[in-house]
Amino acid sequence: MPTVSVGRDCLFEALGCTYTDEEFDELCFQFGIELDDITTEKAIQRKEKHLEEEGVEDDGETIYKIEVPANRYDLLCLEGLAQALRIFNGLDPIPTYKVANIGKESMLEMRVKTETSKIRPYVVCAVLRGVTLDEAKYNSFIELQDRLHQNICRRRTLVAIGTHDLDTIEGPFTYEALPPAEINFVPLKQTRNFRADELMEFYKSDLKLKKFLHIIENSPVYPVIYDCKRTVLSLPPIINGAHSAISLKTKNVFIECTATDLTKANIVLNTMVTMFSVYCERKFEVEPVKVTYPDGKSYVCPDLSIYNMNVPLSYITGIIGVQLPEDKVASLLHKMQLRAEKSVSEDKEVKFVVSVPPTRSDVLHPCDVAEDVAIAYGYNEIPKRKPASLNPLPLSQFSDLIRTEIAMTGYTEVLTWILCSKKEIFSMLNREEDNSAVTIADSRTSEFEVVRPSLMPGLLRTVGHNKDHPKPIKIFEVGDIVLLDDTNDVGAVNRRHLAALYCGANSGFELIHGLVDKIMEATGTNFVSPGNSTGYYIEKSEEPAFLQGRQASVIYGGKRIGTFGIVHPKSIICHAFFFLGILCRVGSMKYL
């Protein structure tokens, strides 16, 4: 989850009261966030530079590092945190955000060109009028952009935010996509003009910006935003222009978000304007901008309308497990910035019409409303009770029974990786490589290329890493493997398998054979003569992973359900130890 660093004194000033560290930690817990660390600015700088502590000294302002839910974008800045906690404590009402009532002919306009569809097709905009900024507010404004870029914007690949001093530019604005050589401007914090292609080379040495270059670097056209005088506002998602940079003197802020995902763009824009409209001359009021697309359709943004959701009271109390009166539920929702009005349906069921503000984009389903009620009520206040008894799946019951039986014979259960390398399932088991395994797309490492089609490689690896362990080594695993299956909608199917391994000074073939008999006896299956379908029997096997003439297949109901034997010398060389193994396909037995 993202961590937000805020100055303790600034936060307490915004909250209107002070707390001890323990009291604030408790407040965070009650609200559903976590006070992750308490540090100072100088301590953070020393840690980043890998410097040692300088002894006892005044390190300046105390910094709270607060861990917030990944989908609570409104909590990524001091303003959002303070507002949410003040409402939670009953100090403030839920704010009502509104779009300024101005005619379309008076609105600023963003005109989108056709070429933008080749790279970043969407743009949304808004204006904050009469903003009053000081250094702390300015830093918080910039930090919120950075946190959104790292979070919902997915490092600017989905959305890129541009903020500009509106008094230095003039609409209407145009959003275009041009060849790099045709774009020329002075970027932020620079003093000379750069062509866009030159800028790409220039920023390859910039530690912060070089990680965003790949988003547009290989495109034949780059997105760019101009004002009516062809002044470049920004080259999204890389850098803004120096001409329209905001400062502490900025009074009117123009915000534009270019995107490949329109939904995410609207969430980002709403977050930016709702968090900082508190500093506008008209509090919580945002000036809209008209966005006109090449097909002639136009849209007014931002959309700060409230979304209404019908949630039955029985649904909320059923999920939480606590019977709460209607007024109590409405009060708890108010603490979480959700207005709730009671309504009664035709069948006399009590429901709430829950009004979701533009700051709460995380509320998508009635279960989100129930979660907020549980948080406001307090998880510690919910009485503990044993859940209703659930019958385990037959496969799980059978697996546990098998585990118990094998453990009682002196074997130790292990849990190995579900992913493995192709080498482990083919060449290291003396098998020809084919396309029978489920392959991981774009695997980051050769050690995890495929999903295991057998438990055998995991046991081999386990013993290989424990060669110095006293002999004999007796281990087993009961777990799922994955096989290709064209009849399944996902093209693969899970199967529950059992594998056991004996590693000692002697081959111990008779020990593994005895384990097979023990397992079959525990399942109520008798040993019968070959060809008899009422029980199990063994016959000669040709499994390449085992030594010829020293292996056998376990047959049940006319089907091979397992194999056991001495591992082939080639596999012994690959794994650098001697052992005997058994591999039984438990999941295919009929009594499951």
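Only this structure's heavy atoms are used, side chains among them; waters, hydrogens and symmetry mates stay out. Keep in mind that what you see is a predicted model, and the values were worked out from it rather than measured.
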Pair Asp206 + Lys208, salt bridge at N-O below 4.0 Å: no

Tyr73 side, atom OH; Asn270 side, atom CG - distance, nearest 0.5 Å: 12.5 Å

Glu447 bridged to Arg461 by N-O distance under 4.0 Å: no

Ion pair Lys204/Glu201, N-O distance below 4.0 Å: yes

Parallel, tilted or perpendicular, as decided by the 30° and 60° cut-offs, for the rings of Phe564 and Phe509: tilted

Passing candidate, side-chain contact (heavy atoms from CB on, under 4.5 Å) with Glu477, options Leu459, Thr412, Ile406: Leu459

Cation over ring face, Lys474 and Tyr411, 6.0 Å, 45°: yes

Ring centre gap for Phe527 and Tyr536 strictly below 6.0 Å: yes

Lys/Arg N to Asp/Glu carboxylate O, Glu217 vs Lys210, below 4.0 Å: no

Step-by-step side chain to side chain donor-acceptor pair (under 3.5 Å) determination, Glu449 to Ser443: CA-CA 6 Å; Glu449 296 175 304; Ser443 173; over 6 Å; no

ring-ring contact (aromatic ring centres under 6.0 Å, His included) contacts in which one or both residues fall within residues 459-488, not counting sequence neighbours: none

Side-chain ion pair, Lys540 and Glu542, N-O less than 4.0 Å: yes

